[in-house]
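In what follows, a structure is listed as structure tokens, so that the remarks can point back to it.
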There are 2 protein chains.
Amino acid sequence: MSQVKQTKRTTIYDLAELAGTSASAVSAVLNGNWKKRRISSQLAEKIMRIAEEQGYALNMQASLLRREKSHIIGMIVPKYDNRYFGSIVETFEDMARARGLFPIITCTRRDPQLEVEAARTMLSYQVECLIATGATDPDRITEMCAAAGVRSLNLDLPGALAPSVISDNFAGARELTRRILRNSEQRLGKMEPLLFIGGRGSDHNTAERIRGFREAHADLGVAVHEENILACGYAPEKAEKALDERALVGQTLPRGMFVNSTISLEGVMRWIRRSGHLDDRSLVLGCFDWDPFVTLLGNGIEMVRQDVPGMLSKVFELIESGADKPVVIQVPPLIPEAQEA
Amino acid sequence: MSQVKQTKRTTIYDLAELAGTSASAVSAVLNGNWKKRRISSQLAEKIMRIAEEQGYALNMQASLLRREKSHIIGMIVPKYDNRYFGSIVETFEDMARARGLFPIITCTRRDPQLEVEAARTMLSYQVECLIATGATDPDRITEMCAAAGVRSLNLDLPGALAPSVISDNFAGARELTRRILRNSEQRLGKMEPLLFIGGRGSDHNTAERIRGFREAHADLGVAVHEENILACGYAPEKAEKALDERALVGQTLPRGMFVNSTISLEGVMRWIRRSGHLDDRSLVLGCFDWDPFVTLLGNGIEMVRQDVPGMLSKVFELIESGADKPVVIQVPPLIPEAQEA
DNA sequence: CTAGATTGCTCAATCGATGAAGCAAGAATT
DNA sequence: AATTCTTGCTTCATCGATTGAGCAATCTAG
């Protein structure tokens with residue numbers, strides 16, 4: 001601060017000169033293995049004091065270039081703007097740091113091109129392991145990592161080539177569907193088939209959730225029509241549009257809905273509001289994902305909360321165990337106590 | 001992929017050997033200035049083909065060590081789990097990439113210790129610029145950066161030593177307060193003083209918002225009591241607890257509330273629900289921050305949406321202009337059209 | 001036919017940190 | 001007193017990419 005505007009940053013050579021010693025001694029002292037290298041504690045203290053005074057900061061690039069392990073762990077994630085991914089990212093950072101790893105995270109907006117570029121960049125930064133969260137093409141990423149001799153793992157959406165940690169979408173969706181159907185029976189007096197809305201029919205999670213959705217209906221002896229399954233994509237506008245179109249088909253819309261993410265729920269709520277059903281207590285909703293304000297929305301929306309800490313614990317277990325066979329680990333989601341309708 | 005499990009990653013020397021050329025030619029070709037270095041396009045193509053085949057990825061550590069500029073830009077952010085910071089982070093990544101910079105972001109949980117550590121780590125990674133978002137001690141970070149000859153900027157909360165980009169908290173809060181008071185008059189027939197809840201009295205933003213809150217009351221001739229200002233911290237539990245304590249004081253709580261963030265709003269909503277006021281249409285709320293589901297909460301909650309793209313544009317303008325005088329740039333927040341009550 | 005320019009490359013130093021190998025001086029052992 | 005051990009350092013090669021300097025071959029101009 002009081003120093004002159006320096007263009008060059010302080011290096012161990014500068015410190016060595018100031019301390020009247022060698023760069024190698026400085027290095028040993030500053031990275032903590034000076035005892036192993038038999039540096040006297042007097043010199044160690046002197047060097048540490050000078051480093052402190054000079055505001056020395058390690059040049060990580062130089063250090064990493066020389067070392068065999070980078071201790072960097074990468075994650076790509078589709079979006080930051082919902083509680084599920086926000087929580088994944090925050091928990092991931094925390095757990096990584098707790099293990100002495102440096103997390104780098106990048107958001108790829110569900111864009112396959114960006115995913116590949118991000119993965120390549122992370123490989124350039126010498127990540128030791130790359131977690132592909134909700135990737136559109138996880139196997140592509142696994143291949144890139146494998147070619148560079150780097151481990152990879154899938155989170156949220158499974159891949160065929162690397163270990164995957166995902167929610168138990170089938171069981172979660174089945175239980176959620178059951179609850180919506182039960183609420184629906186209570187409030188409407190009869191059990192009607194629900195509408196499934198949101199997600200991509202082509203992604204594993206959506207497919208599994210639809211399977212759970214069907215099975216819950218079947219268990220309770222309710223038939224599901226094909227036209228009640230709207231895997232229209234995740235974006236709010238897509239859900240909104242899909243409901244408009246489905247409403248145009250003529251028959252009345254189901255009163256009960258299984259919404260496949262909070263993102264889609266935004267669109268559904270906008271539609272509900274626009275169509276004047278906001279205070280309609282006969283609408284019975286459930287959502288596969290959790291958000292604190294949705295709880296308070298008042299329609300007694302059932303929610304499934306994916307077990308983010310549980311999933312990330314599994315991720316780090318896999319990393320630490322060194323496993324890289326393409327297993328799929330399913331973590332049961334948490335289903336909070338039913339909301340009062 | 002079909003290669004043998006390689007411990008060593010492919011380097012330009014490997015490529016050079018495969019192509020029967022020198023590492024320096026490979027380097028020139030792969031970083032795009034082979035024309036400048038008069039490499040024939042035949043050789044260039046050959047090298048690029050081989051690099052592709054081998055799945056070569058640059059070693060960024062080596063590259064950055066040699067180059068003068070890292071093109072890395074860092075950001076520290078308090079939390080990921082609300083729309084405001086989620087949006088900041090996502091927009092920041094986008095804008096950084098659009099400018100050819102590599103963004104690294106880390107979450108410091110409003111922990112001063114973590115902030116300093118994160119800043120030091122970022123400096124080690126040779127960031128060219130560090131954005132301290134909502135930092136508890138921005139000036140400490142600016143000092144650390146200055147000592148390393150690195151630029152820094154403050155976002156969301158201002159500092160005294162580096163340029164800062166923040167919301168116009170005063171004007172935003174004044175307008176929000178006016179709206180809540182107006183709604184309150186409409187719904188209750190009279191204009192009562194509001195309760196201010198959430199935030200830290202010691203932070204600049206909260207102080208400015210309280211100033212706007214007071215001014216709006218004064219403008220409309222309403223007196224504000226000191227006990228109606230609860231800067232109890234940001235966490236939901238703190239807001240909840242503060243309301244409990246305030247309710248114990250004996251007098252009735254105000255029917256109108258200015259909530260100082262969506263985070264605090266979570267606690268307020270929990271309290272409202274717990275105390276059986278969830279459907280109480282006489283409660284009149286406003287929140288300084290935006291969330292899509294809050295809009296739908298139905299009590300006609302007024303919201304101020306901070307202009308994240310606007311703020312980040314200013315941030316990058318400052319970076320590009322090279323300014324480092326400690327100015328404070330205030331960006332007006334967006335106040336959506338009033339919700340129907 | 002030759003001086004000079006141009007083309008297309010290679011060589012080698014360099015960035016900053018690391019750690020194996022080595023060396024000098026003093027302590028301990030025989 | 002001679003030998004070995006220990007302590008406390010220093011020297012130097014190395015990690016992979018970059019780039020100024022340089023060199024041989026070919027082309028052009030006179």
Side-chain angles (χ1 to χ4, degrees), chain A residues 6-47 51 54 56-72 121 123-126 128 148-149, chain B residues 6-48 51 54-72 121 123-126 128 148-149:
Chain A
Q6 55 201 144
T7 357
K8 289 288 170 199
R9 303 187 39 175
T10 312
T11 71
I12 52 169
Y13 298 93
D14 302 328
L15 297 181
E17 191 155 359
L18 286 167
T21 179
S22 72
S24 134
V26 173
S27 170
V29 169
L30 295 180
N31 67 32
N33 55 9
W34 50 279
K35 278 176 190 158
K36 213 179 304 170
R37 312 245 348 244
R38 297 184 311 210
I39 307 288
S40 68
S41 43
Q42 291 167 50
L43 181 56
E45 262 169 53
K46 183 177 181 190
I47 289 174
Q54 299 294 313
Y56 170 79
L58 177 69
N59 182 326
M60 202 55 101
Q61 263 74 46
S63 177
L64 291 182
L65 178 57
R66 193 65 231 288
R67 292 210 293 239
E68 74 301 5
K69 311 204 75 185
S70 73
H71 299 297
I72 301 180
T121 308
L123 289 175
S124 287
Y125 280 94
Q126 314 295 111
E128 285 176 17
Chain B
Q6 55 200 144
T7 356
K8 289 286 168 200
R9 304 188 36 176
T10 311
T11 70
I12 52 168
Y13 298 94
D14 302 327
L15 297 182
E17 191 155 358
L18 286 168
T21 181
S22 71
S24 114
V26 174
S27 170
V29 169
L30 296 180
N31 67 31
N33 56 8
W34 51 279
K35 278 176 190 158
K36 212 178 305 167
R37 303 215 55 194
R38 297 183 312 209
I39 306 289
S40 67
S41 44
Q42 293 167 48
L43 181 56
E45 262 168 54
K46 182 177 181 188
I47 288 174
M48 298 205 285
Q54 300 294 312
Y56 171 79
L58 177 69
N59 182 326
M60 202 56 101
Q61 265 76 45
S63 177
L64 292 181
L65 177 57
R66 192 64 231 288
R67 292 211 291 242
E68 75 300 6
K69 311 204 76 185
S70 72
H71 299 297
I72 301 180
T121 308
L123 290 175
S124 288
Y125 280 93
Q126 313 295 108
E128 283 175 19

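Sequence lines set the chain letters: A, B, ... in the order given, protein chains first and strands last, and positions in each chain run from 1.
Between B:Q54 and B:L18 the shortest side-chain heavy-atom distance falls below 4.5 Å. At least one side-chain heavy atom of A:R37 sits less than 4.5 Å from a side-chain heavy atom of A:S24.
Rounded to an integer number of Å, the gap from CG of A:L30 to C1' of C:dA17 is 10 Å. The nearest whole Å value for the distance from the CG atom in B:L64 to the P atom in D:dA17 is 12 Å. Between A:R38 atom CZ and D:dT10 atom C1' there is a gap of 12 Å when expressed in whole angstrom units. Here the C1' atom of nucleotide D:dT14 and the CD atom of A:Q61 are 18 Å apart, to the nearest Å. Rounded to whole Å, the distance from NZ on A:K69 to C1' on D:dC15 is 17 Å.
Closest to the B:S27 side chain, of the nucleotides C:dA17, C:dG19, D:dT19, is D:dT19. Proximity note for B:T21 (side chain, C-beta onward) versus D:dG8, C:dC9, C:dG16: the nearest is C:dC9.
Residue side chain B:R37 reaches the base of D:dG20 through a donor-acceptor N/O pair under 3.5 Å, judged by distance alone. Put simply, the side chain of B:R67 and the base of D:dT18 share no donor and acceptor less than 3.5 Å apart.
Closest approach of B:Q126 to A:L58, counting heavy atoms only: OE1-O, 4.1 Å. Closest of all the heavy-atom pairs between B:E128 and B:K69 is OE2-CB, 3.2 Å.
Sequence order on DNA chain D of the closest nucleotides to B:N33 and B:A62 puts B:A62 first from the 5' end.
Listed pair B:S24 / D:dT19 fails the phosphate criterion, with no side-chain N or O lying under 4.0 Å from OP1 or OP2. Residue B:S22 places at least one side-chain N or O closer than 4.0 Å to OP1 or OP2 of C:dT10. When the side-chain nitrogen and oxygen atoms of B:T11 are compared with OP1 and OP2 of D:dC15, none of them lie within a distance under 4.0 Å. Taking side-chain N and O atoms only, A:Y56 has a distance below 4.0 Å to OP1 or OP2 of C:dA17.
Residue B:L58 is classed as a sugar-phosphate contact, given heavy-atom separations below 4.0 Å to backbone atoms only.
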